Trainee: 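Sharing a structure here in structure tokens format.
Protein chains get the first letters and strands the later ones, always in sequence-line order, with residue 1 at the start of each. Treat the numbers as computed from the prediction; the structure is a model and nothing was measured.
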There are 2 protein chains.
Amino acid sequence: MAKREVNPRECSLASALNVVGERWSLLALREVFYGVHRFDGIVRNTGAPRDVLAARLRTLVDGGVLRRVRYSERPPRDEYHLTEAGRELAPALLGLMRWGMRWVPGAPAGPTPFTHDCGGALDAAIVCTSCGETAPPEPDAE
Amino acid sequence: MAKREVNPRECSLASALNVVGERWSLLALREVFYGVHRFDGIVRNTGAPRDVLAARLRTLVDGGVLRRVRYSERPPRDEYHLTEAGRELAPALLGLMRWGMRWVPGAPAGPTPFTHDCGGALDAAIVCTSCGETAPPEPDAE
DNA sequence: CAGGTGAGTTGGATTTTCCGACTGACAAGG
DNA sequence: CCTTGTCAGTCGGAAAATCCAACTCACCTG
């Protein structure tokens with residue numbers, strides 16, 4: 001018999017996607033990176049359905065990506081801020097943004113999301129953690 | 001009146017997510033990066049439902065991320081290969097993987113996905129496109 | 001008091017997902 | 001020839017998620 005077994009590969013990518021792997025999660029995160037920390041602002045700037053956004057923000061908080069920070073007692077209101085883990089999503093997020101600019105026809109260029117102190121645009125790249133050299137994206141060579 | 005208007009921010013991230021923004025798309029892409037180019041292989045290694053995977057592969061092909069390459073006439077069978085655009089997703093993909101390793105408790109370390117010629121592990125980072133300097137992830141400073 | 005803001009929640013219709021089974025074309029073994 | 005197996009999907013139906021407008025609650029402001 002031995003029916004075609006399905007053994008999903010153990011991979012941290014899958015784990016990452018459980019936390020930040022859905023459209024509205026990433027767009028919400030983008031807003032927080034841009035400095036929009038409140039629910040209604042995120043709704044307005046992303047267009048996400050309010051209920052779905054509420055759910056996503058919960059999983060982002062539970063996943064340690066965002067932190068709720070109270071900015072008003074009475075009525076109790078919190079805003080969402082990046083944690084250390086959240087801030088570390090910057091390379092992935094920026095990588096997707098820049099990829100969209102380059103490869104999706106009709107994608108709005110938008111204001112260059114982040115700029116370096118020297119004035120140049122920032123981009124995501126692959127670097128070697130030990131020698132620091134920038135490596136080209138070169139998978140299994142066709 | 002002026003009902004709370006929702007004007008989604010124009011952003012290349014949203015465009016990117018239209019193409020690669022779903023769980024099974026990214027996992028399928030991971031497999032192709034790993035050298036698994038055939039439908040059944042991708043099903044086995046990701047655990048994606050076959051019909052959903054078929055749909056995702058179609059949008060990846062339509063989005064210019066993958067290319068179908070025929071490897072057998074009779075029966076006609078194609079495998080999926082990365083295009084230039086697909087290869088350029090490496091920084092984003094690697095960024096998510098490495099993030100998962102670092103920040104999701106219980107995420108399998110797995111074999112270090114890519115290694116540099118010098119033997120060190122590769123990671124995604126933010127670099128300045130003009131001066132080449134590596135920048136820290138530092139959004140709106142809290 | 002009327003109106004507005006902020007952060008959600010609720011109900012219900014619509015879409016997707018998931019799952020197992022099925023198809024069609026072929027190859028290999030007995 | 002007949003059975004078994006592989007590959008790349010497709011199909012049908014149940015289960016889950018999404019979308020949307022409307023609603024709530026708790027305030028604040030004029």
Trainee: Where along residues 54-62 of chain B does a heavy atom fall under 4.0 Å from DNA chain D?
Mentor: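 Listed by number, they are B/Ala54, B/Arg58.
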Trainee: Given D/dG9, is OP1 or OP2 found less than 4.0 Å from the side-chain N or O atoms of B/Tyr80?
Mentor: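 Yes.
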Trainee: Provide, to the nearest angstrom, the distance between the CD atom belonging to A/Glu73 and the C1' atom belonging to D/dC27.
Mentor: 14 Å
Trainee: Take the protein atom CG of B/Asp40 and the nucleotide atom P of D/dC7, then report the distance between them rounded to whole Å.
Mentor: 6 Å
Trainee: Applying side-chain contact (heavy atoms from CB on, under 4.5 Å), can you list everything that pairs with A/Arg74, at least two apart in sequence or on another chain?
Mentor: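 Residues passing side-chain contact (heavy atoms from CB on, under 4.5 Å) with A/Arg74: none at all.
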Trainee: Does A/Tyr71 sit in a hydrophobic cluster with other residues, and if so which ones, taking ILVMFWY side chains as linked at heavy-atom separations under 4.5 Å, directly or through other members?
Mentor: none
Trainee: Just by distance, do the side chain of A/Ser12 and the backbone of B/Arg98 share a donor-acceptor pair under 3.5 Å?
Mentor: no
Trainee: Could you identify which residues cluster with B/Val127, counting Ile, Leu, Val, Met, Phe, Trp and Tyr as linked when any side-chain heavy atoms lie under 4.5 Å apart, either directly or through a chain of such contacts?
Mentor: A/Val127
Trainee: Can you list, by residue number, the residues of residues 20-31 of chain B that have a non-hydrogen atom closer than 4.0 angstrom to DNA chain C?
Mentor: B/Glu22, B/Trp24
Trainee: So which one's nearest nucleotide on DNA chain C is more toward 5', A/Pro76 or B/Ala48?
Mentor: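 So the residue in question is A/Pro76.
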Trainee: Rounded to the Å, how far apart are B/Arg38 CZ and D/dG5 C1'?
Mentor: 16 Å
Trainee: Identify each atom pair where a protein N or O and an N or O of nucleotides 20-22 of chain D are less than 3.5 Å apart, giving names and distance.
Mentor:
unit_1	atom_1	unit_2	atom_2	d
D/dC20	N4	A/Asp51	OD2	2.7

Trainee: Hey, is the main chain of A/Tyr80 close enough, under 3.5 Å, to the side chain of A/His37 for a donor-acceptor pair?
Mentor: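 Looks like yes, one N/O pair under 3.5 Å.
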Trainee: Which of these nucleotides, D/dC7, D/dG9, C/dA7, is closest to any side-chain atom of B/Arg44?
Mentor: D/dC7
Trainee: Mind jotting down which residue pairs meet the side-chain hydrogen bond (donor to acceptor under 3.5 Å, both in side chains) criterion with at least one end in residues 126-136 of chain B? Sequence neighbours excluded, please.
Mentor: none
Trainee: C/dG6 C1' sits how many Å from A/Phe39 CZ, rounded?
Mentor: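 Spelled out: CZ on A/Phe39 to C1' on C/dG6 is 9 Å.
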Trainee: Both A/Val52 and A/Arg74 contact DNA chain D. Taking the nearest nucleotide for each, which residue is further toward the 5' end?
Mentor: A/Val52
Trainee: Donor-acceptor check, side chain of A/His81 to backbone of A/Arg67, threshold 3.5 angstrom: yes or no?
Mentor: no
Trainee: Round to the nearest Å and state the distance from A/Tyr71 atom OH to C/dG6 atom P.
Mentor: 7 Å
Trainee: Going by the rule side-chain contact (heavy atoms from CB on, under 4.5 Å), which residues pair with B/Ala55 if we only count those two or more places apart in sequence or in a different chain?
Mentor: none
Trainee: In whole angstrom, what separates A/Asn18's CG from D/dA17's C1'?
Mentor: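 To the nearest whole Å, that distance equals 16 Å.
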Trainee: Listed by chain and number, what are the salt bridge (Lys or Arg N to Asp or Glu O under 4.0 Å) partners of B/Arg102, not counting sequence neighbours?
Mentor: A/Glu88, B/Asp123
Trainee: Would you be so kind as to tabulate the donor-acceptor pairs closer than 3.5 Å made by side chains of residues 25-33 of chain A, with sequence neighbours excluded?
Mentor:
unit_1	atom_1	unit_2	atom_2	d
A/Arg30	NH2	A/Asn45	O	3.1
A/Glu31	OE1	A/Asn45	ND2	3.0
A/Glu31	OE1	B/Arg9	NE	3.4
A/Glu31	OE1	B/Arg9	NH2	2.5
A/Glu31	OE2	B/Arg9	NE	2.6
A/Glu31	OE2	B/Arg9	NH2	3.4

Trainee: Measure CD/A/Glu79 against P/C/dT5 and give the value in whole Å, please.
Mentor: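 The distance from CD of A/Glu79 to P of C/dT5 comes to 18 Å, rounded to the nearest Å.
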Trainee: Residues in side-chain contact (heavy atoms from CB on, under 4.5 Å) with A/Pro76, at least two apart?
Mentor: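 Partners of A/Pro76 by the side-chain contact (heavy atoms from CB on, under 4.5 Å) criterion, ordered by chain and then number, come out as A/Arg70.
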Trainee: Could you pull out all residues at least two apart from B/Pro49 that satisfy side-chain contact (heavy atoms from CB on, under 4.5 Å)?
Mentor: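 Per chain and number, B/Pro49 pairs via side-chain contact (heavy atoms from CB on, under 4.5 Å) with B/Trp24, B/Asp51, B/Val52.
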Trainee: In this structure, how many angstroms lie between the C1' atom of D/dA8 and the CD1 atom of B/Ile42, rounded?
Mentor: 11 Å
